[in-house]
Amino acid sequence: MSENQPSAPPTVLRLPGYTKAEQDEILGNGDDPFGVAEAGLAWLPKEEHFGVTLGDRLVAHAGLLRLPLAIGDTRTEVVGVGGVAVAPQERGRGMARLVVAAALHHARTMGPQHALLFCRPPLVPLYQRLGWHPLDQEVLVEQPESRVVTMPLRTMVTPLRDNAAWPSGPVRLFSLPM
C-alpha cells in the first residue's frame with residue numbers, strides 16, 4: 001500500500017481458532033516470537049481467540065482460557081489472557097487496546113471475577129495503561145512432571161466485575177500458565 005492511500009479501518013472479531021500460521025502472520029516465524037523462551041516454561045493453548053484485521057491481514061491476537069487457582073486459602077478461577085500479539089509494523093496504533101478490550105468483553109461472560117496475565121517487564125506499562133495491575137507477590141504455576149515453579153514473568157490482574165477486589169495471599173495456579 002502506498003503512503004498516500006488511506007489504510008482500512010481495523011476490524012475486531014472473535015476467531016474460530018488460532019493457528020501457528022496465523023501467529024506467524026502477525027509476529028513472523030522466529031524461534032521466540034513472545035520473547036519468553038528463556039523462562040523455560042510450558043504453556044497452555046488458549047480456548048477463545050480474538051483478533052484485529054486490517055484489510056484481509058490479521059495484525060493482532062489475544063487468547064483466553066478459564067483456569068483454577070488459589071489465593072491464600074481460597075480456591076477460585078480466573079480468566080487467563082495470553083498469546084497477546086501485535087504485528088511489529090502496527091505497534092503504537094492501538095491494536096493491543098482493541099484486541100485486549102474485545103477479549104475482556106468476552107471474559108466478563110465467562111464467570112470469574114478477575115483476568116490474569118503474565119508478561120515481560122517492559123510490557124508492564126502497556127498493560128497498566130489498559131487497566132491491569134501488577135501483583136507484588138510470587139505466583140506458583142505448574143509445569144510438566146508435576147513440578148511447581150515460581151513464575152519468572154510479571155503477573156498482572158484486572159477485575160472483570162465492578163467492585164471485584166483481588167484478595168491478599170499467596171497465589172497458586174493449578175495448571176500450566178497460559
Side-chain angles (χ1 to χ4, degrees), residues 10 12-69 78-104 106-107 115-158 171-178:
V12 181
L13 62 154
R14 188 169 179 185
L15 303 171
Y18 184 62
T19 66
K20 173 74 167 96
E22 288 168 320
Q23 177 182 300
D24 290 350
E25 180 180 358
I26 296 171
L27 296 175
N29 60 359
D31 290 339
D32 188 12
F34 293 98
V36 297
E38 72 181 30
L41 297 173
W43 301 86
L44 284 173
K46 284 31 122 199
E47 293 178 351
E48 306 284 342
H49 302 276
F50 298 83
V52 175
T53 59
L54 287 175
D56 61 354
R57 182 161 185 265
L58 186 63
V59 297
H61 168 268
L64 302 176
L65 181 64
R66 194 170 167 156
L67 299 168
L69 82 161
V78 293
V79 176
V81 176
V84 178
V86 175
Q89 68 274 19
E90 301 302 334
R91 292 179 184 158
R93 297 186 54 210
M95 302 302 157
R97 179 176 300 280
L98 286 172
V99 77
V100 170
L104 290 179
H106 180 75
L116 179 140
L117 64 76
F118 302 112
C119 70
R120 293 180 295 112
L123 295 175
V124 169
L126 165 69
Y127 286 110
Q128 286 178 309
R129 287 190 302 274
L130 299 179
W132 294 78
H133 309 281
L135 287 184
D136 292 328
Q137 67 262 38
E138 292 182 343
V139 175
L140 299 176
V141 300
E142 293 184 359
Q143 286 294 284
E145 300 170 3
S146 300
R147 291 183 306 128
V148 176
V149 301
T150 300
M151 171 53 71
L153 302 173
R154 285 304 307 263
T155 303
M156 301 189 76
V157 298
T158 193
V171 180
R172 164 79 159 81
L173 189 63
F174 294 108
S175 72
L176 297 176
M178 61 298 151

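Reckoned from all heavy atoms, side chains included, excluding hydrogens, waters and symmetry mates.
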If I take atom [atom1] from residue [X] and atom [atom2] from residue [Y], how far apart are they, to the nearest 0.5 angstrom?
X    : Y    : atom1 : atom2 : value
E142 : R147 : CD    : CZ    : 11.0 Å
E90  : L54  : CD    : CG    : 5.0 Å
E47  : M178 : CD    : CE    : 12.5 Å
L173 : L44  : CG    : CG    : 8.0 Å

Could you report the tightest heavy-atom contact between [X] and [Y], atom names first, then the distance?
X   : Y    : answer
W43 : M151 : CH2-CE, 4.1 Å
A62 : V84  : CB-CG2, 4.0 Å
L67 : S175 : CD2-OG, 3.4 Å

Using side-chain contact (heavy atoms from CB on, under 4.5 Å), reason through V141 and V149 one step at a time and then give a plain yes or no. CA-CA 6 Å; V141 300; V149 301; 3.7 Å; yes
Any heavy-atom pair between the side chains of [Y] and [X] that's under 4.5 Å?
X    : Y    : answer
R97  : L130 : yes
P144 : L176 : yes
V79  : E48  : no
R93  : V86  : no
K46  : L64  : no
L41  : P152 : yes
W132 : L123 : no
L153 : V36  : yes

Take Y127 and V81 through the test side-chain contact (heavy atoms from CB on, under 4.5 Å) and record every step on the way to the result. CA-CA 12 Å; Y127 286 110; V81 176; over 6 Å; no
Describe, in one word, how the ring planes of F50 and H106 are oriented to each other, choosing from parallel (under 30°), tilted (30 to 60°) and perpendicular (over 60°).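 Rings of F50 and H106: tilted, 30 to 60°.
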Measure from the side-chain N and O atoms of [X] to the backbone N and O of [Y], and report whether any donor-acceptor pair falls under 3.5 Å.
X    : Y    : value
R120 : F34  : yes
E25  : L58  : yes
T158 : G131 : yes
H61  : G83  : yes

Heavy atoms of other groups near [X] [atom1], more than 12 under 6.0 Å:
X    : atom1 : answer
E38  : CD    : no
Q143 : CD    : yes
D56  : CG    : no

Walk me through whether L140 and T150 qualify under side-chain contact (heavy atoms from CB on, under 4.5 Å). CA-CA 5 Å; L140 299 176; T150 300; 3.5 Å; yes
Please identify which of these residues, L117, L135, V171, meets the side chain to side chain contact (heavy atoms under 4.5 Å, CB included) condition with T155.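 Of the listed residues L117, L135, V171, the side chain to side chain contact (heavy atoms under 4.5 Å, CB included) partner of T155 is L135.
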